[in-house]
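What you see is a predicted model; the values in this text were computed from it and never measured.
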Amino acid sequence: MRIGNASGFYGDRFSAVREMLTGGALDVLTGDYLAELTMLILGRDRLKDPKRGYARTFLRQLEENLGLAKEKGVRIVANAGGLNPAGLAGDIRALAERLGLDVAVAHVEGDDLLPRAGELGFGKPLTANAYLGAWGIVECLNAGADVVVTGRVTDASLVVGPAAAHFGWRRDDYDALAGAVVAGHVLECGAQATGGNYAFFTEHEVGVPGFPIAEMHADGSSVITKHEGTAGAVTIGTVTAQLLYEIGGPRYAGPDVTTRFDTITLTEDGPDRVRITGTRGEPPPPAVKVGLNSLGGFRNSTTFVLTGLDIDAKAALVKTQLERSLKDRPPAEIRWTLARTDHEDADTEQRASALLHCAVKDSDPKIAGRAFSGAAIELALSSYPGFHVTAPPSDASPYGVFTASFVDARDVPHVAVLPDGSRVAIALPGETRELSDVDEPELPGPPQVRTQRAPLGTIVGARSGDKGGDANLGVWVSAAEHWPWLVHALTVVEFRRLLPETASLPVTRYVLPNLCALNFVVTGLLGEGVAAQVRFDPQAKALGEWLRARYAEVPR
């Protein structure tokens, strides 16, 4: 069964749906449109209009491609329903009628816990959505749906559902389900599996990468590939990078199965083909993850340009002046960041300049708004020489806060609404198992290798990302002979030394020998999450590239 992906986020390449439908054979086309930040955006959309709350891009893509998908017999499964899957399903039916197409549309709901947020102990968030599993999708497909839209399901469920329906898997076929979770995890971020955002991108002709495909088999194994003739690359490296993206320990928990990432085996299966086998699964935990988005207040920022000599003194002067100007009612949070982008004896003014960024937050939009940005501009003729800023004064903008919580699966309804309008309640898992840590595997002996001082990225790949306020950073080596060096050299102590921002934060290291990889989870690095924009790189997307650029003793 060939399952393709055409979206890794809300805003991904619009043409990907048509590219995937015309590029070669497919049975199912999936699209992942939801992320923590996306749910906040959709929540604000819904405040303006209760009929909104879904990814409108998806409807425009279907307007161009629904007839083509029907003609080719490709079924479509997407989580573009966001906060309003019923509304999106209704609009797709109206679109099909307008286009003169006979298309069966179904949707999955039950993830929206906002009406019961208070009784569940969540307070008054803007959004509260449980991460549902794959079995609602299975019911919709078994009922003949051509298009299935969901709200917040786990990203991998978009692949697990079609595979389980096609192969007739049972709820306790844990190994097969886990294999599909792995394939879904590889596909969910689109072109990140085919050479996009890849540490060793210079080794391949990247171009504009094609989107990934999983050739699923009845035992849950798969081959990751892409349409022939498309750009990018599918290698053990690109697949490893995506497997390490936004995970924690070896036990990867989901609502249908807990997947053991320490059992995955990757092998080359020809050009642009990587086979995934050996994945083991265990019963899922009894609790279901819930994503909560709340409005946290208002933020604003000003960036001062500091040029030439005495950069530190200039920064200290304007910092003192601005904070003195705000002393009568300072913002609740003031954060200063000095980026030393300046160069000695620079040949251009820009290369002679550093950037001093001041970001503020407050519950009062006036305090974080013109009271702040106006005070910054008022210093223009009374501060450091060469004073200027990168943008005029502005009003504050609202920001959100993402938190994750958990509820008993029994408190989460999971309903498949079939093409004929009938509703099917999805049963709870027949068996659950509390999560526990996996014992660290026996490590190889310390290597006897000659080393030289060089960037880690000379031989180490990395992929990093965000989970709420935490960041994960997965690293791997392509050559198995370098694995003993990596596992002994890159300890938590060394990790903190290389990335000083993490020195005072909890850092957990997980060992994945089967992938020649380590995964580090840094708790609290991103503060209140991406929507709060606390950090220079608020989603930790480039955290791994910073690590790779740091110098250490690496094998010659």
Student check: side-chain heavy atoms of [X] and [Y] closer than 4.5 Å:
X    : Y    : value
T38  : F9   : no
N129 : L113 : no
L518 : L512 : no
L187 : P212 : yes
R75  : P162 : no
L26  : I3   : no
D146 : K70  : yes
F298 : D364 : no

Seminar exercise, completed: Test side chain to side chain contact (heavy atoms under 4.5 Å, CB included), reference Y54, set L59, D45, L42, L83, output is L59
Exercise. So among D175, T279, L177, which one has a side chain to side chain contact (heavy atoms under 4.5 Å, CB included) with V257?
Worked result: L177
Would you say that more than 12 heavy atoms from the other residues, nucleotides or ligands in this model lie under 6.0 Å from the [atom1] of [X], or not?
X    : atom1 : result
R280 : CZ    : no
R44  : CZ    : no
D420 : CG    : yes
E97  : CD    : no
E119 : CD    : yes

For this session: Test W546 against E501 for side chain to side chain contact (heavy atoms under 4.5 Å, CB included), laying out the working first.
Result: CA-CA 11 Å; W546 178 26; E501 278 189 62; 3.6 Å; yes
Would you find a donor on one side and an acceptor on the other, under 3.5 Å apart, between the side chain of [X] and the backbone of [Y]?
X    : Y    : answer
S294 : F402 : no
D173 : R170 : yes
T194 : F211 : no
T258 : A253 : no
R152 : N79  : no
N84  : G87  : yes
R171 : A427 : yes
D262 : P441 : no
D27  : R2   : yes
Q192 : N197 : no

Measure across [X] and [Y] and return the closest heavy-atom pair with its distance rounded to 0.1 Å.
X    : Y    : answer
G144 : A104 : O-CB, 3.6 Å
A165 : N142 : CB-OD1, 3.7 Å
L292 : S405 : CD1-CB, 4.1 Å
E139 : I426 : CG-CD1, 3.5 Å
G43  : T127 : CA-CG2, 3.8 Å
C140 : V148 : CB-CG2, 3.7 Å

Problem set entry | Test side chain to side chain contact (heavy atoms under 4.5 Å, CB included) applied to L120 and D411, step by step | CA-CA 9 Å; L120 292 172; D411 291 326; 4.2 Å; yes
For this session: Test side chain to side chain contact (heavy atoms under 4.5 Å, CB included) on V507 and V521 and set out the steps.
Result: CA-CA 6 Å; V507 176; V521 177; over 6 Å; no
Problem set entry | Chi angles and distances behind the side chain to side chain donor-acceptor pair (under 3.5 Å) call for R251, S436 | CA-CA 8 Å; R251 282 194 166 102; S436 61; 3.2 Å; yes
Exercise. Step by step, would you call N300 with S394 a side chain to side chain donor-acceptor pair (under 3.5 Å)?
Worked result: CA-CA 8 Å; N300 204 348; S394 61; 3.1 Å; yes
Problem set entry | Test log, rule salt bridge (Lys or Arg N to Asp or Glu O under 4.0 Å), inputs E19 and R13 | CA-CA 10 Å; E19 292 168 14; R13 194 156 82 228; 2.9 Å; yes
Give a yes or no on whether a salt bridge exists between [X] and [Y], defined as a side-chain N under 4.0 angstrom from a carboxylate O.
X    : Y    : result
E63  : R98  : yes
D91  : R56  : no
R423 : E109 : yes

For this session: Evaluate the salt bridge (Lys or Arg N to Asp or Glu O under 4.0 Å) criterion for residues D408 and R410: first the C-alpha distance (whole Å), next the side-chain angles of each, then the deciding distance (0.1 Å), finally the verdict.
Result: CA-CA 5 Å; D408 192 296; R410 292 172 294 188; 2.9 Å; yes
For this session: Please lay out, stage by stage, how D32 and S7 fare under the test side chain to side chain contact (heavy atoms under 4.5 Å, CB included).
Result: CA-CA 5 Å; D32 179 11; S7 177; 5.6 Å; no
Problem set entry | Trace of the side chain to side chain donor-acceptor pair (under 3.5 Å) decision for N472 with N519 | CA-CA 7 Å; N472 105 284; N519 187 46; 2.7 Å; yes
Exercise. Hey, does the Lys NZ or Arg CZ of K361 hover above the aromatic six-ring of Y399, less than 6.0 Å from the centre and inside 45° of the axis?
Worked result: yes
Exercise. Under 6.0 Å from the six-membered ring centre of Y131 and within 45° of its axis: does the NZ or CZ of K289 meet both?
Worked result: yes
For this session: Apply salt bridge (charged side-chain N to carboxylate O under 4.0 Å, His left out) to D470 and list each qualifying residue two or more places apart in sequence or on a separate chain.
Result: none
Exercise. Considering residues at least two apart in sequence or located in another chain, which fulfil the salt bridge (charged side-chain N to carboxylate O under 4.0 Å, His left out) criterion with E431?
Worked result: none
To the nearest 0.5 Å, what is the distance between [atom1] ([X]) and [atom2] ([Y])?
X    : Y    : atom1 : atom2 : result
R60  : N65  : CZ    : CG    : 12.0 Å
Y10  : L34  : OH    : CG    : 10.0 Å
T240 : L515 : OG1   : CG    : 5.5 Å
T259 : I264 : OG1   : CD1   : 7.5 Å
L243 : T238 : CG    : OG1   : 9.5 Å

Exercise. Ring centres of F58 and Y33 under 6.0 Å apart?
Worked result: yes
For this session: Can you tell me which residue pairs pass the ring-ring contact (aromatic ring centres under 6.0 Å, His included) test with a partner in residues 158-193, sequence neighbours excluded?
Result: F167-W169, H185-Y252, H185-F261
